[in-house]
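The residues of the chain are indexed from 1 along the displayed sequence. Fair warning: this is a prediction, and the values are worked out from it, not measured in the lab.
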Amino acid sequence: MYQIREVSMGPRFEPGGVIAVGWYDGVHRGHRSLLDQLRRVADERGVRTGLVILDDDRDTRRLTSLDQRLELIAQTGQVDTVWVVTADDVSVVSLEDAHQEWNDPDRTCSSAEITALIDAGDVAGAANLLGRFHEMRGVVELGDQRGRTIGFPTANVAMPESLVIPAEAVYAGLFTAADGVTRPAAISLGRRPTFYPDGLALLEAHVIDFDGDLYGQRVSIHFVDKIRDQRRFDGLDDLGAQLHDDVETARSMLADLAP
């Protein structure tokens with residue numbers, strides 16, 4: 001069974017327009033190239049553009065939530081109307097699954113390739129294919145506040161298990177809170193081996209040169225580049241020294257990025 005939801009992003013679609021179909025997970029550079037072509041063809045014919053996005057309930061990780069996909073597609077300015085087709089079973093079969101050898105204009109920039117890079121911690125390589133930094137969104141939760149005691153308070157962000165999460169490491173990134181301001185951050189993603197070697201994975205972001213209350217806010221985190229792998233430290237002094245170095249490395253990596 002299917003449900004169809006229409007999302008208007010421009011002039012209303014009319015019969016005779018040009019339509020593309022796909023999952024468009026990640027809305028990466030290959031996807032945007034296809035949308036550029038969609039608009040060129042539509043302009044040549046003097047018609048509107050439409051996009052059918054498939055969104056089923058398969059138990060697979062996504063690069064982007066549906067809301068993120070719609071936002072990114074709207075930002076391209078190439079699509080007038082989007083139809084979201086939601087399937088409540090796995091009856092949707094991709095053309096790639098049905099027929100492996102076909103002329104895929106997106107083959108050199110696939111969601112699977114981007115996922116593999118992120119899984120390996122190569123967020124800079126993933127950004128090159130995405131045409132933007134990999135983004136995760138979540139709510140800041142109350143942690144054990146251990147970082148604050150050594151001078152590095154962190155925002156603990158819940159990570160949706162349905163999305164692609166980078167490998168456990170320390171990253172330089174950008175942090176956008178509810179005030180809409182984007183700030184540089186040093187991000188630790190892992191199991192905090194110094195204190196909790198068998199604990200659950202955590203995403204902790206130290207927002208550089210920021211001192212404010214972030215609890216309960218829904219925030220966005222963009223991964224720019226990897227700083228180092230996770231490792232265990234002998235104590236608070238060693239950990240504090242390394243965190244200082246991590247923050248300075250992140251500051252340097254992010255210095256040339258526009259706010």
*Out of curiosity, Arg32 CZ to Gln78 CD, how far, rounded to the nearest 0.5 Å?*
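The CD atom of Gln78 is 11.0 Å from CZ of Arg32, to the nearest 0.5 Å.
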*Can you measure from CD (Glu135) to OG1 (Thr176) and round to the nearest 0.5 angstrom?*
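If I round to the nearest 0.5 Å, the distance is 7.5 Å.
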Quick one: list whatever passes side-chain contact (heavy atoms from CB on, under 4.5 Å) with [X], sequence neighbours left out.
X	value
Arg40	Asp36, Gln37
Ser33	none
Leu117	Asp122, Ala126, Leu129
Leu70	Arg5, Val7, Met9, Ile53, Leu66, Val82, Val84

List the atom of [X], the atom of [Y], and the distance in Å for their closest heavy-atom pair.
X	Y	value
Arg45	Val18	NH1-CG2, 4.2 Å
Met253	Ala172	SD-CB, 3.7 Å
Leu163	Thr64	CD2-C, 3.9 Å
Arg132	Val27	NE-O, 4.3 Å
Ala250	Ala186	CB-CB, 4.1 Å
Ala177	Leu214	CB-CD2, 3.8 Å

In chain order, what residues pass the side-chain hydrogen bond (donor to acceptor under 3.5 Å, both in side chains) check against [X], with sequence neighbours excluded?
X	value
Arg228	Asp246
Asn128	Arg29
Ser65	Gln68

I'd like to know if [Y] and [X] are part of one continuous hydrophobic network [Ile/Leu/Val/Met/Phe/Trp/Tyr, side-chain heavy atoms within less than 4.5 Å].
X	Y	result
Trp23	Val21	yes
Val181	Ile221	no
Tyr24	Val41	yes

Does [X] reach the side chain of [Y], with side-chain heavy atoms less than 4.5 Å apart?
X	Y	answer
Thr182	His222	no
His206	Phe175	no
His28	Ser111	yes

*Scan Leu34, Val79, Thr81 and name whichever one has a side chain to side chain contact (heavy atoms under 4.5 Å, CB included) with Leu51.*
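When Leu34, Val79, Thr81 are each tested with Leu51, the side chain to side chain contact (heavy atoms under 4.5 Å, CB included) holds only for Val79.
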_Applying ring-ring contact (aromatic ring centres under 6.0 Å, His included), can you list everything that pairs with Phe13, at least two apart in sequence or on another chain?_
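Once residues adjacent in sequence are excluded, the partners of Phe13 under the ring-ring contact (aromatic ring centres under 6.0 Å, His included) criterion are Trp83.
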_salt bridge (charged side-chain N to carboxylate O under 4.0 Å, His left out) involving Asp229 - partner list, sequence neighbours excluded_ =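 With neighbours one apart ignored, the set is Lys226.
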*Among all residues two or more places apart in sequence or in another chain, which pass the salt bridge (charged side-chain N to carboxylate O under 4.0 Å, His left out) test with Glu71?*
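For Glu71, the residues satisfying salt bridge (charged side-chain N to carboxylate O under 4.0 Å, His left out) (neighbours in sequence not counted) are Arg137.
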*Among residues two or more places apart or on two chains, list those pairs meeting salt bridge (Lys or Arg N to Asp or Glu O under 4.0 Å) that have a residue in residues 19-28.*
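Pairs touching residues 19-28 that pass the test: none.
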*Qualifying salt bridge (Lys or Arg N to Asp or Glu O under 4.0 Å) pairs, either residue in residues 171-183, two or more places apart*: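 Output for this query lists Asp179-Arg183.
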*asked:* Tell me whether the rings of Phe223 and Tyr171 are parallel (<30°), tilted (30 to 60°) or perpendicular (>60°).
replied: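 It falls in the perpendicular class, over 60°.
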